[in-house]
Number of protein chains: 2
Amino acid sequence: MSRQPPKKALFAQFAAVARALGSEHRLDLLEHVAQGEQSVELLAQRTGIPFASVSQHLQALRKSGLVAARRDGRRVLYRIADDGVIRLLGALRQVAERQVAEVERIVDGYFRDRDSLEPVSKKELAARVKDGLVTMLDVRPEDEFASGHVPGAVNVPLAQLRKRLTELPKRQEIIAYCRGPWCVLAFEAVALLRKQGRKARRLDGGLPEWRIAGLPVETSASADGKRLERQ
Amino acid sequence: MSRQPPKKALFAQFAAVARALGSEHRLDLLEHVAQGEQSVELLAQRTGIPFASVSQHLQALRKSGLVAARRDGRRVLYRIADDGVIRLLGALRQVAERQVAEVERIVDGYFRDRDSLEPVSKKELAARVKDGLVTMLDVRPEDEFASGHVPGAVNVPLAQLRKRLTELPKRQEIIAYCRGPWCVLAFEAVALLRKQGRKARRLDGGLPEWRIAGLPVETSASADGKRLERQ
DNA sequence: TTGACATTCAATTATTCAATTGAATATTAT
DNA sequence: ATAATATTCAATTGAATAATTGAATGTCAA
């Protein structure tokens, strides 16, 4: 292993990391883990993958250095190993989006207007939210919101958006986001809001991208967080 | 395929790209393709992979959008699909390097000093080469050098370096490079030069990185290029 | 210590992927 | 047309991987 042609050995390691990314379930898990440290069971619930499979996939991800784990009581909490992983996922997304025509068709097909991608920087946006000039809308499920969100964001899960429109400002611009650039919840939220005549845009990125941009993240100590007390 | 949950369909595409990267042979081929447009046969020669396998791997890479192909006469020339691919490879390398301890050990084990990584920008370097303040040393095989290299670089393949030391300036700083950041030839060259008392460093990156930085690339119309006339 | 719970391990089966070989296709030159 | 060459396709084999199930491990609380 160690005394073989170094080039081969290097490629083997790089290939191992890429192989770990080469599974839909693991990508799904990675996106969820990127939201914040989580237990195996919670990830199984959120992704709908059987918990034994989740455990195995997480171990595969760990072996290739994409996630890290620590024990807390009787559960094991997994997290993204470091910011480079988020950037790697971004680069993968970029290549796939730009080059695989299929993706374009899927996104375009489902969501008419592929809307203004990041017309305003995240840092500026954070300032505007603080000044009350725009409203950030987090359309993820409540428990995910609780474990970490953009400061000042309003949480209305996509499923309830239609009914709870009154909770959102009428004229102010609304910026929707969810898990990350791949997450379709935000696309759908923007489509719905625009149909209702609201001024809405999508944040090109989710919580992980917000975090690695060096911006603060807020957590709700409790908010349906029965399963989250330990975090 | 197209009317399935969009999230799944997106992940499937991203996973497909990652899977395409998850093979040592394909990474090897990608590194070579990144040097410049090349035919299947030439790639087979340079990588030592049977040509039928090379063809299949290239098709896999093409299907996932990592390389593109065009026909020229009776040969098919493959090239990197776009700059995003180089960046993706860089991100992969970064994650693997930072997180997979194995790589550190391999690199450190083989090459004592992991030497000054990119202490000077590529743009500045290009200027210094032009002014004759430093010498760029390309240690790749002659035919690879011929199909594209840093302007003004001297080509001495690693195997001949010890014998041809006299061709290099005695006191001037020497910057060695080869195919890319993973390429070990440059590490070895620097080690050898330093042992000889020369002032040598390694360029953190190779021709592809040079190219996507927007810097010019020079080709030798002829230089052992019997097989390269058409390029 | 016992029981409850979260996670991991082990074993099975089905699927996918890789390498190899030889044949088929497409292009150029004769 | 025919031959020569570069590439691709097809079929085989063996290896790696994924999903599933049930058992085993480790931790906390009573």
Side-chain angles (χ1 to χ4, degrees), chain A residues 8 11-13 15-30 32-33 37-64 66-79 226-231, chain B residues 8 11-13 15-30 32-33 37-64 66-79 226-231:
Chain A
K8 295 250 165 173
F11 277 154
Q13 291 298 339
V17 175
R19 258 195 305 274
L21 289 176
S23 140
E24 309 170 34
H25 278 172
R26 282 195 293 272
L27 287 174
D28 196 1
L29 284 168
L30 267 181
H32 277 89
V33 170
E37 208 178 39
Q38 290 169 71
S39 70
V40 178
E41 196 192 22
L42 190 50
L43 284 165
Q45 277 179 31
R46 288 178 172 174
T47 59
I49 302 168
F51 71 94
S53 291
V54 171
S55 173
Q56 288 183 181
H57 282 308
L58 288 171
Q59 280 170 65
L61 290 170
R62 188 156 81 140
K63 226 169 87 181
S64 62
L66 290 164
V67 305
R70 75 183 172 90
R71 186 149 210 140
D72 172 39
R74 62 176 107 181
R75 58 188 85 195
V76 176
L77 301 178
Y78 282 86
R79 63 180 182 280
K226 277 168 227 154
R227 291 185 303 270
L228 295 168
E229 291 119 352
R230 290 186 169 276
Q231 300 190 29
Chain B
K8 297 251 163 168
F11 278 151
Q13 290 299 339
V17 175
R19 259 196 305 273
L21 288 176
S23 142
E24 308 168 38
H25 278 172
R26 282 196 293 271
L27 287 174
D28 195 0
L29 284 167
L30 268 181
H32 277 89
V33 170
E37 208 178 38
Q38 289 170 70
S39 70
V40 178
E41 195 192 23
L42 189 51
L43 284 165
Q45 279 179 31
R46 288 178 172 174
T47 59
I49 302 168
F51 70 94
S53 290
V54 170
S55 174
Q56 288 184 178
H57 283 307
L58 288 172
Q59 280 170 65
L61 290 170
R62 188 156 81 142
K63 226 168 84 182
S64 62
L66 289 164
V67 305
R70 75 181 172 92
R71 185 147 210 143
D72 173 40
R74 63 178 109 182
R75 59 189 85 194
V76 175
L77 302 179
Y78 282 86
R79 64 181 181 279
K226 276 169 231 154
R227 290 185 302 271
L228 295 169
E229 292 120 353
R230 289 185 171 276
Q231 301 187 27

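Residue numbering restarts at 1 for every chain, and letters A, B, ... go by the order of the sequence lines.
In terms of the salt bridge (charged side-chain N to carboxylate O under 4.0 Å, His left out) criterion, B:Arg62 has no residue partners (sequence neighbours excluded). Remark: B:Arg71 pairs with B:Val76 by the side chain to side chain contact (heavy atoms under 4.5 Å, CB included) rule, at least two apart or across chains. Not counting sequence neighbours, the partners of B:Ala15 by the side chain to side chain contact (heavy atoms under 4.5 Å, CB included) test are A:Glu24, A:Leu27, B:Arg19. Remark: A:Ser23 engages no residue in a side-chain hydrogen bond (donor to acceptor under 3.5 Å, both in side chains) (not counting sequence neighbours). B:Ala68 meets the side chain to side chain contact (heavy atoms under 4.5 Å, CB included) test with B:Arg79; sequence neighbours excluded. Considering only residues two or more places apart in sequence or on other chains, B:Ala44 meets the side chain to side chain contact (heavy atoms under 4.5 Å, CB included) condition with B:Phe51, B:Val54.
Put simply, CG on B:Leu58 is 12 Å from P on D:dC9, counting in whole angstrom units. Distance, B:Gln59 CD to C:dA18 C1': 14 Å, rounded to whole Å. Put simply, CG on B:Leu77 is 13 Å from C1' on C:dT27, counting in whole angstrom units. Here C:dA6 presents its C1' atom at 17 Å from CD1 of A:Ile49, a figure rounded to the nearest Å. Rounded to an integer number of Å, the gap from CG of B:Leu43 to C1' of D:dA6 is 13 Å. The distance between atom CZ of A:Arg75 and atom C1' of D:dA29, rounded to the nearest whole Å, is 14 Å. As rounded to whole Å, 10 Å separates atom P of D:dT7 from atom CG of B:Asp72. To the nearest angstrom, P of D:dT7 lies 12 Å from CZ of B:Arg70.
In this model, the phosphate group of D:dT8 is approached by a side-chain N or O of B:Tyr78 to a distance below 4.0 Å at OP1 or OP2. Neither OP1 nor OP2 of C:dT7 sits under 4.0 Å from any side-chain N or O of A:Ser55.
In this structure, A:Leu29 CG and A:Leu66 CG are separated by 12.0 Å, a value rounded to the nearest 0.5 Å.
Exactly one of A:Gln38, A:Glu41, A:His32 qualifies for a side-chain hydrogen bond (donor to acceptor under 3.5 Å, both in side chains) with A:Arg46. That residue is A:Gln38.
Of all the heavy atoms in B:Leu77 and B:Ser39, the pair that sits closest is CD2-N, 3.6 Å. Closest heavy-atom contact between B:Arg26 and B:Ala60: CD-CB, 4.3 Å. A:Leu43 and A:Val33 make their closest contact through CD1-CG2, 3.7 Å (heavy atoms, listed as atom of the first residue, atom of the second, distance).
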If you restrict it to nitrogen or oxygen atoms, what contacts under 3.5 Å exist between nucleotides 17-19 of chain D and the protein, and what is each distance?
from, atom 1, to, atom 2, distance (Å)
D:dA18, OP1, A:Arg26, NH1, 3.2
D:dA18, OP1, A:Arg26, NH2, 3.0
D:dA19, OP1, A:His25, ND1, 3.4
D:dA19, OP2, A:His57, NE2, 2.9

Nucleotide N/O to protein N/O under 3.5 Å, stretch nucleotides 1-5 of chain D:
from, atom 1, to, atom 2, distance (Å)
D:dT5, O4', B:Arg74, NH1, 2.9

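Of the candidates D:dG26, C:dA26, C:dT21, D:dG26 carries the atom nearest the A:Arg71 side chain, counting heavy atoms from C-beta on.
Axis orientation changes by 30° from one end of the helix from C:dT1-D:dA30 to C:dT30-D:dA1 to the other, with each end axis drawn from 5 pairs and the value rounded to 10°.
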